[in-house]
Each structure stands twice: as structure tokens, then as C-alpha cells.
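Order of the sequence lines sets the chain letters (A, B, ...), proteins ahead of strands, with each chain counted from 1.
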Number of protein chains: 2
Amino acid sequence: MASRQGGTHKKSVDRRQVILDAAARRFAEFGFETTTVRQIADDVNILSGSLYHHFATKEEMLGEIVRGAVLDQRERAQRIAASRLDAETKFVTLIREELSALAERIEAYAIIFNERKFFRRSPDFLYLIKARKEAFEAWRAVLEQGVEEGLFHAGIDSYLTISTIMRMLNTGADWYRHEDGSPLDAMAEYSLEALTDFYTGFALRSVRSAGRAGEPIPAAMRQA
Amino acid sequence: MASRQGGTHKKSVDRRQVILDAAARRFAEFGFETTTVRQIADDVNILSGSLYHHFATKEEMLGEIVRGAVLDQRERAQRIAASRLDAETKFVTLIREELSALAERIEAYAIIFNERKFFRRSPDFLYLIKARKEAFEAWRAVLEQGVEEGLFHAGIDSYLTISTIMRMLNTGADWYRHEDGSPLDAMAEYSLEALTDFYTGFALRSVRSAGRAGEPIPAAMRQA
DNA sequence: GTCTATAAGTAGATAGAC
DNA sequence: GTCTATCTACTTATAGAC
């Protein structure tokens, strides 16, 4: 049985994944509650009733889409915060890894951000709120380390600063998807690297202590 | 007839406004498409059918809620950009007036932001996209004036900078409503003034030229 | 201006044939 | 694993009594 698992089982997993990908695209673009199971079914060329062979409810699809993304997010933040680096390198690494993850799983993170009020109302997603809070606390620890080390200015409100930066990265990534459109219609083309540099510089300027504005931006540390 | 207008007409206007206020609260909290006309009717203690005496469609309610807010937004930005002030004072005034308006009409602006994809799909709301784009261009002119005056650093990407700041103000104001909740549950209490100072400083640090990081933040000019 | 009553359509989800 | 067929509930909106 174990030796044959690859054959039949993999095919079934793929089918699930195709459905989840279609659902993620819909949820990210139009919202979870606005998307109908018929639209998802149409996207993968089956009838809506057939979806219920793979998933018990529409909400179960949502859960599968966001779970891994938010747990990875917490893991990243905690790993970087616990590493042996100076606070500024940690901070830059947090931003760059976060943006890299946002770009790679943009639908999942757009959904997590856009449906945050839905998640907060639903007891099934309490773990998600908790994981995001823990990621937040890891960021906060990095900021406070930076103030102690004299790299960041003492007047920082870590709560406001981190929540602002996190929203900035989330909405910036969502806007990057093009489907959004932003306040302009003539949309310039930016590479992910260009955007990452922009946001890194933007965030660093907001936390650095007075004399350090002009210093070079440290590279992110992949072994963090 | 003109002399009696105040009596009966005002009462009818008030009724409309009570309904619109309820609708705005629902749309801002749960989204336009997710909100049902029955919920709005329940909030003002009438039956759903009776709403159609005041409004032809649910979308008409949405239009009434957002129209004034977005036209005011454009007017503010254009008035400040066209005033005779240095670019930094204009920039600070833009931010402070914008946040003040966001706080005053928080539901309308939260709806405009959260339903932006809906507005972009709907031909009836093209004027809204256009007005926001024009406000955007007014901000951009201020930024470019600042670069010319040497107040802001030359490397600014005005497109990225303004769209980032605008999203920052919008999401910051929405988060300020409490009903949101943000990544933390233990939510600190901030006054609107404290928040305004924070965002003004945050944005200013991102645009000021190298040597000017420590200079005092100019007061906003109300006569702008 | 609100109610009663209802039309016409669509939502998420289920049962059983194949 | 997908289809046919359908249930129940709920959606926006309308018609006409009061």
C-alpha cells in the first residue's frame, strides 16, 4: 500500500489542489463570501455538487488555503527574531522574507488580509488570529532590540510602527498583483526587487536613529 | 410651497439619512455585497420592501454614501496643491486634512477603500476612479515641487511613495475604528492627534532629503 | 411612508445514479 | 469522481392595500 501510494493518491491530491487554486484566485479577487461554489466549479470544469466530494463546506476550502500561509508567516518571524544578528539586519530580513512570501503566495495572503474581519468573527479561525499575533510579537522584539542597541531611535512606538509596516507590505503586495489597479490606471511596471528595495528603505527610514539616515542598507541574511 | 419646504421635506431627508447611516455602517463592517437589504431595514426598524420607497436599488444607497466623500477628497487635494506654500507644508497639510476627513467620515472612506475592486468593475462608478486619480495627481505635484525645492530627496519614486502613503492612511484609519482589531487583540488607545503625528512623521521621514531628517515638522496650514 | 405578500432568481449543500 | 436532480433558505426587488 505504501509503495503504491504515489499512483492513485497523488492524482487525488492534485485534483484537490487544482480546486483550491481556483478558489484562492476567486477569494482573493472577489472576496470569500461574494464567491459562489458554482464559480469555483466552473473554473475547474465540474458541477458545483461535485466539489462536495472533495470538501465538506466552502469554509473548509478557505481554511486549507490560508492555514499553511499563516503558520509559515509566524515561523519566519520567530526564526529571524531568535537568530544571532544585529537588530537592523533582522529587521531588513523580516521585510525581505515577508515580501518574498507575499509574492509567492499572493492569493493566500491577500485573502488573510482582506477577510480579517470574517476570521475574527469565526471561532474556527482563532488559531489564525493567534499565529498572526505571535508573528507580530516577534517583529516587536526586533524593534525593541534595535532601540537598545542604539540603531533605532528611542521614540519608536513599536505597536504603531509594526502594524503600519505590516499593512504597508500586505497592501503593497496586493496592489502589485495588477488585478487591483491602485489609484492610477496608467500602472507602471515594477520588479519585485525594485518594490522590495523601496519598502525596505521606506521602513528603515522610519525607525533608524537620527544620525544613521544615510548609512547603507544591510543585506538580508538567509541563514537567519 | 417654498416656505413650507422645511417642514415636510426635512423630515423625509432625515429618514433617508438614517437609512444611509445604517447602510454605511453595514457596508463598512461587512462589505457591500455581503450586506443584505433586510439587515439595513432591521437596523432602522422597517421592512426591507419599504427601503425601496427611498431608494431604487441597493447600489443607489452605496452611491449616495461614497459620492460626497470622494469628491471632497479631490477638492481638498487640489486646493492644497494649488496653494502658495512650500512643498513640505503642503505635504503635511495634505496628510493632516486627509486623516481628519478619514476620521470624520470613516465609514464612507473604509467602503471606498475596501470595495475598490467593485467600483472598478462598475461603469456607474467611473467618476469615482477618476476623482481619486485626480487627487493622486495633486499629491504627486506636491512631491515633485518638494524635490525641485530641495526639501525632498531626489531619488523619490512619487508613484510608489504616494500610493503607499495613501494606503497607509486609509488602512490606518480603518484600523483606528476598533471594530477592525488589527494583528493584536490588546489594543492600545490612541487619540486622533497622536495618530496624526505618527503618520505625519512616518511619511515625512520617507521623503525628506538627507540632511533634513531632524528638522521640526511644520504645522499644517488651514488656509491652504 | 410602511405594510403584506410574493415574484424570480440564486445561494450552499445533499442523495443517489453511473 | 462526476453527474443529474433537487431541497431549503435566502436574495433583490415589485405590486398594491392601508
Exercise. Between D:dA13, D:dG1, C:dC3, which nucleotide gets closest to the side-chain atoms of A:H54?
Worked result: D:dG1
Exercise. Within the structure, does a side-chain N or O atom of B:H53 lie under 4.0 Å from either OP1 or OP2 of C:dG1?
Worked result: yes
For this session: Whole angstrom is fine here: how far is it from CZ in B:F55 over to C1' in D:dT12?
Result: 15 Å
Exercise. Which part of the nucleic acid does A:L47 contact within heavy-atom distance under 4.0 Å: base, sugar-phosphate only, or nothing?
Worked result: base
Problem set entry | Whole angstrom value for the distance that separates C1' of D:dA13 from CE of B:M61 | 11 Å
Problem set entry | Shortest side-chain distance from A:V37, nucleotide among C:dG12, D:dT2, D:dA13 | C:dG12
For this session: Report yes if some heavy atom in the side chain of A:L160 is under 4.5 Å from a heavy atom in the side chain of B:L195; otherwise report no.
Result: yes
For this session: Please state how far atom CD in B:Q39 lies from atom P in D:dA9, giving the value in whole angstrom units.
Result: 18 Å
For this session: Determine the interplanar angle of the A:F91 and A:W139 rings, folded into 0 to 90°, and report it as parallel if under 30°, tilted if 30 to 60°, perpendicular if over 60°.
Result: perpendicular
For this session: Please report, rounded to the nearest Å, how far the P atom of C:dG1 is from the CG atom of B:N45.
Result: 17 Å
Exercise. Under 4.0 Å between a side-chain N or O of B:Y52 and OP1 or OP2 of D:dA13?
Worked result: yes
Problem set entry | Student check: side-chain heavy atoms of B:F113 and B:R167 closer than 4.5 Å | yes
Exercise. To the nearest angstrom, how far is B:I40 atom CD1 from C:dT2 atom P?
Worked result: 15 Å
Exercise. Expressed in angstrom and rounded to an integer, what is the separation of B:R26 atom CZ from D:dT11 atom C1'?
Worked result: 15 Å
Exercise. Pick the nucleotide of DNA chain D nearest each of B:T57 and A:R38; which residue has the one closer to the 5' end?
Worked result: A:R38
Seminar exercise, completed: B:D42 CG to D:dC10 C1', in whole Å, measures 13 Å
Problem set entry | Below 4.0 Å: OP1/OP2 of C:dG1 and any side-chain N or O of B:R16 | no
Problem set entry | Side chain to side chain, A:I112 and A:R132, heavy atoms closer than 4.5 Å | yes
Problem set entry | Residue A:K58, side-chain atoms from C-beta onward, closest of D:dT12, D:dC3, C:dA13 | C:dA13
For this session: Could you tell me whether B:S50 contacts a base, only the sugar-phosphate backbone, or nothing, with contacts defined as non-hydrogen atoms closer than 4.0 Å?
Result: base
Exercise. Contact class for B:T34 (heavy atom, under 4.0 Å): base, sugar-phosphate, or nothing?
Worked result: nothing
Exercise. Is there side-chain contact between B:F27 and B:I40, with at least one heavy-atom pair below 4.5 Å?
Worked result: yes
